[in-house]
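A short write-up of the structure that comes next.
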Amino acid sequence: MKSQWLAVLCLLPFILVLNSCKKSADVITPGALHLAYTRIGNNYLSLDTPNTGLPVDSSIVISFNEKLDTSTVRTGIFLKNSSQSQLACNITFSNNFTSVRVSPKLPLEHASQYTLQLSSGLKGVQSEAFPGLIYSFTTINGKMRLEAISLNGINFMGPAVPYNIDFKTIIIQARFSEALDSSNYQSAFYLSGGHPLGFTLSGDHKSVTISNGTQLDDIKRYVFSISSNLTSRNGFLFDGFSNSFITKLDSTPKFPIIPDEDLLTLIQQKTFAYFYDFAHPSCGMARERNTSGDIVTTGGSGFGIIALLVGMHRNFITRDQGLTRLDKILTFLETCDRFHGAWPHWLNGSTGKVVPFTQQDDGGDLVETSYMAEGLYTMRQYLDSTNAGEKLLINRITTLVNGVEYDWYTRGQNVLYWHWSPDYGWAMNMQIRGYNETLITYIMAGASPTHPVSAAVYHQGYAQNGAIKNGNSFYGYILPLGEDYGGPLFFTHYSFLGIDPRNLKDEYANYLEQNVNQSMINYSYCVANPKHFIGYSSHCWGLTASDNPWGYNAQSPTNDLGVITPTAAVSALPYTPVESMNAIRHFYYILGDRLWGTYGFYDAVDMTTGWWANSYLAIDEGPIICMIENYRSQLPWNLCMSNPEVKASLTKLGFTY
């Protein structure tokens, strides 16, 4: 049985071959010319289904099973348009004369009907007969192209975004490859902001001029687009177009011009309102930002305490009002959560309980605490020790600042640690090292009469035995300390709201030189504007930590995101009075219609993206009012530096002042 099956399997291939030959014989008629295929480009034509969407610029390839009699081809193949007019074509042969390439001398029309006739007059070289056939096909719908577009005479095709465009008048001229339908083209053109547009169509209907019907805003990004719904008069489709442009600055003043001294007072008064009028009603502390609800900030409130004494000094409030507010703040600080004497970054202003800054940052924050101590020390010297009520406030402040266990935050090492959590311990593990905004933390730690740190903690921990030195030149300014180009400008503000840098020196730097030069490097970088951001100039400068279109970041010359933050240049006023005053006037008079609000300057602006902040942050507001005062009267500097504890700390750490 097995041998019989083996015989059948051996015969099976021969049976299949014979069967295959029989089928071929059924299809191929001996002595006849047969068509193998016809294609246009990569599209094979069919006699049974519609042939649509075919290219207009491809040859027609016709392939047969036998060699062709070339004399019959030139008179036996016809390409005709919808009016049955025959089109002139070039004929070439390939594949040993079995294939014909028919190439129209002119491109076919888009969206048009054509017929390809292969007549019965076609013959093979052995006179093989061909029955003849006719294909019908339709070409692809045409594409209308935007050949050119300009905006106020500037190429607007992209990808470059034109800027400094006149906000009063814009003229956009667009040229298309096809004529537009005059009855319905206007709705396809759009300018963001809902501004009405005017249209003028050229005589051949291929060019359109668009103009604005109403004046645009200055320093604003606009998007101009042409919808893909636009079609030509002959039905061609359009892929669409979009580009943006930025209007130029309106340099006319938005507010009446007033003397510079009055302008500085106005800025201080509006900024003061953030700390006084907008303070948390239960505790008097400064809210983290204008949208923070119950969250108050330790460091920003320390700045706010200095702002409070400036407000009394400038008669924005009475002394009694200021001392009443101070009493409320001290009561809160005496009863709220503390961790080995250090306050947390954030607190709930109603309950006094810690609000975690991050999951593991839910305990003491020594840097934020040092900003509070800076404010308390400065306020203590403002108070009158001969007044019984104020003497009580002085004593309460002394108790508060003496309660910070700076020595415990060293963990027995010659460095301070930033965070400690009752739940996570030292998990944050962030050592406080310079050079940056934390110099004040070491000065406050050295000032403590109850929990001091040694000079070695400063020199080995913060100064890293001199590793904080830089010494390089940037834009012609020597930078004694810190990272190249200086970093964000808050380095020159936070520690120096109370600490006077004018005569401050140690073995690492002259701190007036440090702060002046870092400010001038920041200014010079903005003037140079190597990234070509919109708005940067000698009157619009200042890179520091702030809000931005994407959240929050510490902007600087090495982290330039196109964001100008007013507190940077304004708070540099003691260091760069000319450059800062120019910026102040610019921010208020020229940009003030969008950069000025209830509490003074909004946090930041990015003119390249068209983003304007509507936020206020305590740590950005505080330096504005305090550093303006240090420029005007040096009151915060004089008060803070008169503290015996501060003097003793500076001397111990190796400073002269």
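Counting from 1, the numbers follow the sequence of the chain as shown. What's counted below: heavy atoms across the whole structure, side chains too, no hydrogens, waters or symmetry copies.
In plain terms, the two heavy atoms of Asn290 and Ser615 that are nearest each other are OD1-CA, 3.4 Å. Here the closest non-hydrogen pair linking Ser136 and Thr115 is OG-CG2, 3.8 Å. Pairing each heavy atom of Val161 with each of Ser244, the nearest pair is CG1-O, 3.2 Å. Between Ser473 and Ile478 the shortest heavy-atom distance is CB-CD1, 3.7 Å.
The closest side-chain heavy-atom distance from Tyr589 to Leu263 is below 4.5 Å. Side-chain contact between Pro480 and Asn470 is absent, with no heavy atoms from C-beta onward closer than 4.5 Å. Between Trp346 and Ser292 there is no side-chain heavy-atom pair separated by less than 4.5 Å. A 4.5 Å side-chain heavy-atom check between Lys168 and Asn212 finds every atom pair outside the cut-off. Side-chain contact between Leu543 and Thr565 is absent, with no heavy atoms from C-beta onward closer than 4.5 Å. Annotation: side chain of Gln86 is not in contact with side chain of Leu79 (no heavy-atom distance under 4.5 Å). Ile246 is not listed as a side-chain neighbour of Met607, based on a closest heavy-atom distance of 4.5 Å or more. The shortest distance between side-chain heavy atoms of His345 and Thr297 falls below 4.5 Å.
Within the 3.5 Å criterion, the main-chain N or O of Glu579 finds a donor-acceptor partner in the side chain of Trp541. A donor-acceptor pair under 3.5 Å links the side-chain atoms of Ser537 to the main chain of His539, judged by distance alone. In this structure a side-chain-to-backbone donor-acceptor pair under 3.5 Å is present from Thr492 to Leu489. Although no hydrogens or angles enter the test, the distance criterion places a donor-acceptor pair under 3.5 Å between the side chain of Asn152 and the main chain of Ile171. Panel note: side chain Asp218, backbone Leu249; no donor-acceptor pair is recorded below 3.5 Å. Judged purely by atom type and a 3.5 angstrom limit, Asn95 has no side-chain atom pairing as donor or acceptor with the backbone of Ser99. With Thr247 contributing its side chain and Asp217 its backbone, the two residues share a donor-acceptor pair below 3.5 Å. Not one N or O on the side chain of Glu437 forms a donor-acceptor pair closer than 3.5 Å with the backbone of Phe491. The backbone N or O of Gly486 lies less than 3.5 Å from a partner atom in the side chain of Gln518, making a donor-acceptor pair. Remark: the backbone N or O of Ala572 is not paired with any side-chain donor or acceptor of Ser519 at under 3.5 angstrom.
Side-chain contact, Asn43 with Asn51: no donor N or O sits under 3.5 Å from an acceptor N or O. Side chains of Ser242 and Ser225: no donor on one and acceptor on the other come within 3.5 Å. Defined by atom type and a distance below 3.5 Å, a donor-acceptor pair is missing between the side-chain atoms of Asp547 and Tyr552. Donor-acceptor pairing under 3.5 Å is lacking for the side chains of His110 and Thr139. The closest side-chain donor-acceptor pair between Asp365 and Trp418 falls under 3.5 angstrom. One side chain, Ser556 or Thr558, offers a donor N or O that lies under 3.5 Å from an acceptor on the other. Residues Asn548 and Asp606 have side chains that never bring a donor and an acceptor to within less than 3.5 angstrom of each other. Judged purely by distance below 3.5 Å, without hydrogens or angles, the side chains of Ser46 and Asp48 never pair a donor atom with an acceptor atom. For Gln555 and Ser546, the side-chain atoms include at least one donor-acceptor pair closer than 3.5 Å.
The 12-atom threshold is exceeded at NZ of Lys531, counting heavy atoms of other residues, nucleotides or ligands nearer than 6.0 Å. Atom CG of Asn42 is surrounded by 12 or fewer heavy atoms from other residues, nucleotides or ligands within 6.0 Å. No more than 12 heavy atoms of other residues, nucleotides or ligands shown are found within 6.0 angstrom of CZ on Arg101. A 6.0 Å sphere centred on OH of Tyr525 holds more than 12 heavy atoms belonging to other residues, nucleotides or ligands. Environment of CZ in Phe78: crowded, with over 12 heavy atoms of neighbouring residues, nucleotides or ligands closer than 6.0 Å. Enclosure of atom CD in Gln84 by more than 12 non-hydrogen atoms of other residues, nucleotides or ligands within 6.0 angstrom is indicated.
A distance of 11.5 Å separates CD in Glu621 from CZ in Arg289, rounded to the nearest 0.5 Å. Atom CZ of Phe167 sits about 12.5 Å away from atom CD1 of Ile165, to the nearest 0.5 Å. Going from atom CD1 of Ile149 over to atom CD1 of Ile154 covers 12.5 Å, rounded to the nearest 0.5 Å. Going from atom CD1 of Ile140 over to atom CG of Leu108 covers 12.0 Å, rounded to the nearest 0.5 Å. Between Ile172 atom CD1 and Ser211 atom OG the span is 9.0 Å, to the nearest 0.5 Å. Between Phe238 atom CZ and Ile226 atom CD1 the span is 5.0 Å, to the nearest 0.5 Å.
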**Request:** Mind running salt bridge (charged side-chain N to carboxylate O under 4.0 Å, His left out) on Lys143 and Asp239 for me, showing each step along the way?
**Result:** CA-CA 8 Å; Lys143 288 283 188 178; Asp239 286 336; 2.7 Å; yes

**Request:** Output, in order, the C-alpha distance, side-chain angles, deciding distance and verdict of side chain to side chain contact (heavy atoms under 4.5 Å, CB included) for His205 and Ser182.
**Result:** CA-CA 7 Å; His205 287 200; Ser182 61; 3.7 Å; yes

**Asked** Can you list the steps and then say if Phe189 with Val208 is a side chain to side chain contact (heavy atoms under 4.5 Å, CB included)?
**Response** CA-CA 10 Å; Phe189 296 83; Val208 59; 3.8 Å; yes

**Message:** Go through it in stages, so that I can follow the logic: the residues are Thr138 and Leu54, the test is side chain to side chain contact (heavy atoms under 4.5 Å, CB included), and I'd like the CA-CA distance, side-chain angles, deciding distance and then a yes or no.
**Reply:** CA-CA 6 Å; Thr138 304; Leu54 298 181; over 6 Å; no

**Request:** Would you please test Arg175 and Asp204 for salt bridge (charged side-chain N to carboxylate O under 4.0 Å, His left out) and show each step?
**Result:** CA-CA 11 Å; Arg175 175 76 179 175; Asp204 63 0; 3.0 Å; yes

**Request:** Kindly indicate, with the supporting measurements, whether the criterion side chain to side chain contact (heavy atoms under 4.5 Å, CB included) is fulfilled by Val56 and Glu109.
**Result:** CA-CA 6 Å; Val56 297; Glu109 297 290 335; over 6 Å; no

**Message:** Please evaluate residues Phe278 and Tyr599 with respect to the criterion ring pair (Phe, Tyr, Trp, His ring centres under 6.0 Å), reporting the C-alpha separation (whole Å), side-chain torsions for both, the decisive distance (0.1 Å), and the verdict.
**Reply:** CA-CA 9 Å; Phe278 189 64; Tyr599 304 118; 5.6 Å; yes

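The aromatic rings of Tyr222 and Phe245 sit parallel to each other, their planes meeting at less than 30°, with 60° as the upper class boundary. Under the 30°/60° scheme for interplanar angles, the aromatic rings of Phe137 and Tyr114 are found to lie parallel. Classification of the Tyr602-Tyr616 ring pair by plane angle, with boundaries at 30° and 60°, yields tilted. Using cut-offs of 30° and 60° on the angle between ring planes, the pair Tyr536 and Phe533 is tilted.
Note on residues 260-275: pairs passing side chain to side chain donor-acceptor pair (under 3.5 Å), not counting sequence neighbours, are Asp260-Arg585, Glu261-Arg632, Thr265-Arg632, Gln268-Glu629, Gln268-Arg632.
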